[in-house]
Number of protein chains: 2
Amino acid sequence: MGEPTGNERLFLTDEQIRQGIEAMYFAYRGLTNEPDRILATMAYGRAHHRAIHFINRAPGTTVTNLLEILGVTKQSLNRVLRTLIEDGLVESRVGKVDKRERNLFLTEAGTALEARLSDAQRTRMRATYRDAGPEAVAGFRKVLEAMMDAEMRRKYTTLRETNS
Amino acid sequence: MGEPTGNERLFLTDEQIRQGIEAMYFAYRGLTNEPDRILATMAYGRAHHRAIHFINRAPGTTVTNLLEILGVTKQSLNRVLRTLIEDGLVESRVGKVDKRERNLFLTEAGTALEARLSDAQRTRMRATYRDAGPEAVAGFRKVLEAMMDAEMRRKYTTLRETNS
DNA sequence: TTGGAATGTCAACAAGGCTGACATATTGTG
DNA sequence: CACAATATGTCAGCCTTGTTGACATTCCAA
């Protein structure tokens, strides 16, 4: 077959593929470790983090929109939102044009918690990127986007465009 | 500052870092989608998948070792293992040298389920790698390893070496 | 105007984490 | 040998976060 070219090097053993899957598993755990620890001290969980994260990313978003992004049932999300609203981290305003809708915003306290959780993750991510170098980061991003299915990619790119 | 060099290009805005975190979230969901669907049809969950996966990776592993890899309590793992043993997917043999230990193995049925779940993920991973190309894959692996904390990396590399 | 669709809330249940307490069997040590 | 430490399993009970079902409110279109 001669020297391996770009395409030929793409022949990967099951073992190499398995390692990639395991790497995703362990790395994802590494990324959620610190926020989980912070949340555990205040009777919140990862679900609260996700809600806070995406409300911060798209202030004024509706419950339905959040449901689509998170991929859970409205009942499940509602429970989380209720506690966040009760605790004064999220504000729910009745929609102006369609009163069935609720527009969600972070309060000052909500923004503060978001920043705290986000800082923890970003600090780690920044260190990760620094250690791996810019070319590795470009590859990382490329593989992750290829890994999403069409639906996830749509959600991802929509958020990205909104926060250009 | 002149032309950006490799290191200077590593200055990344919060927005870029955030996108990396979101990409991990959506990609991870993409990777677990299909196994989750399969498991849901048989009253199993992700916890069962993880146990099956790592028993397959390290046949004969002890309960304690599995606990360390998964990072859960023995009560939590035991509940999962008990159902898997009852259902004839996992076999628990009393240790030969230390009879307090239990060595865990997949039965034929367990191996079959592992293969089914694994195939789904590997097929997706293979397509992902093909789409992204070999250089991107190298970067992907590099970033993921940098993302793990020391403990995760130890678990990860131990498994990798065992299955060289 | 009225029936269906969209939106959100409440109630109840299950999976799978957790802690604490305790039993059992085995091993290693003084 | 006696006893402490280790490995595993189990029971009870808690929490978070997913699920389904039922229902109220609001909007819109026939």
- prompt: Starting at the 5' end of DNA chain D and moving along, which residue's nearest nucleotide shows up first, B:Asn103 or A:Gly95?
  reply: B:Asn103
- request: Go through the N and O atoms of the side chain of B:Arg46 and the base of C:dG17, and report whether any donor-acceptor pair is under 3.5 Å.
  value: no
message: Can you tell me which nucleotide in C:dT9, D:dG18, C:dG8 comes closest to the side chain of A:Asn78?
response: C:dT9
field: Interatomic distance where CG belongs to A:Asp36 and P belongs to C:dC18 [whole Å]
entry: 11 Å
message: Is there a side-chain contact between B:His48 and the phosphate of C:dG16, meaning an N or O under 4.0 Å from OP1 or OP2?
response: yes
- prompt: When the ring planes of A:Phe140 and A:Tyr129 are compared, do they come out parallel, tilted or perpendicular, using 30° and 60° as the limits?
  reply: perpendicular
- request: Specify the residue among B:Asn65 and A:Gly71 whose closest nucleotide of DNA chain D lies further upstream toward the 5′ end.
  value: B:Asn65
Nucleotide C:dC10, atom C1' - distance to CG of A:Leu77 in whole Å: 15 Å
- prompt: When every nucleotide of nucleotides 21-26 of chain C is labelled 5' to 3' by its protein contacts under 4.0 Å (heavy atoms), B for base, S for sugar-phosphate only, - for none, what sequence of letters results?
  reply: B---BB
message: Within the 4.5 Å heavy-atom criterion, are A:Asp98 and A:Glu101 side-chain neighbours or not?
response: yes
statement: Here the distance between atom P of C:dC10 and atom CD1 of A:Ile85, to the nearest Å, is 10 Å
- prompt: Touch check for A:Thr64, heavy atoms < 4.0 angstrom, all strands: base, sugar-phosphate only, or nothing?
  reply: sugar-phosphate
Distance in angstrom units between A:Arg79 CZ and C:dT9 C1', rounded: 12 Å
message: Rounded to whole Å, please give me the gap between CG in B:Leu70 and P in C:dG17.
response: 9 Å
message: Just the rounded figure in Å: distance from P of D:dT17 to CD1 of A:Ile52.
response: 11 Å
message: Could you go through B:Asn33 and B:Gln121, starting from their C-alpha distance and side-chain angles, then the distance that decides it, and tell me whether this counts as side chain to side chain contact (heavy atoms under 4.5 Å, CB included)?
response: CA-CA 9 Å; B:Asn33 253 352; B:Gln121 271 186 324; over 6 Å; no
- request: Under the side chain to side chain contact (heavy atoms under 4.5 Å, CB included) rule, what do B:Leu81 and B:Leu104 come out as? Steps first, then yes or no, please.
  value: CA-CA 9 Å; B:Leu81 280 181; B:Leu104 303 170; 4.0 Å; yes
- prompt: Could you give the CG-to-P distance, from A:Leu39 to C:dC18, as a whole number of Å?
  reply: 16 Å
query: Across the strands shown, which category fits A:His49 at heavy-atom distances under 4.0 angstrom: base, sugar-phosphate, nothing?
result: nothing
message: For C:dC18 and B:Thr73 - does any side-chain N or O of the residue sit under 4.0 Å from the phosphate oxygens OP1/OP2?
response: yes
Any donor-acceptor N/O pair, B:Arg122 side chain to B:Ala120 backbone, under 3.5 Å: no
Value in whole Å for how far the P atom of C:dT9 lies from CD of A:Glu101: 13 Å
- prompt: Is NZ or CZ of A:Arg93 both nearer than 6.0 Å to the six-membered ring centre of A:Phe105 and within 45° of the ring axis?
  reply: yes
- prompt: Would you say the side-chain atoms of A:Asp87 pair up with the backbone N or O of A:Leu89, donor to acceptor, closer than 3.5 Å?
  reply: no
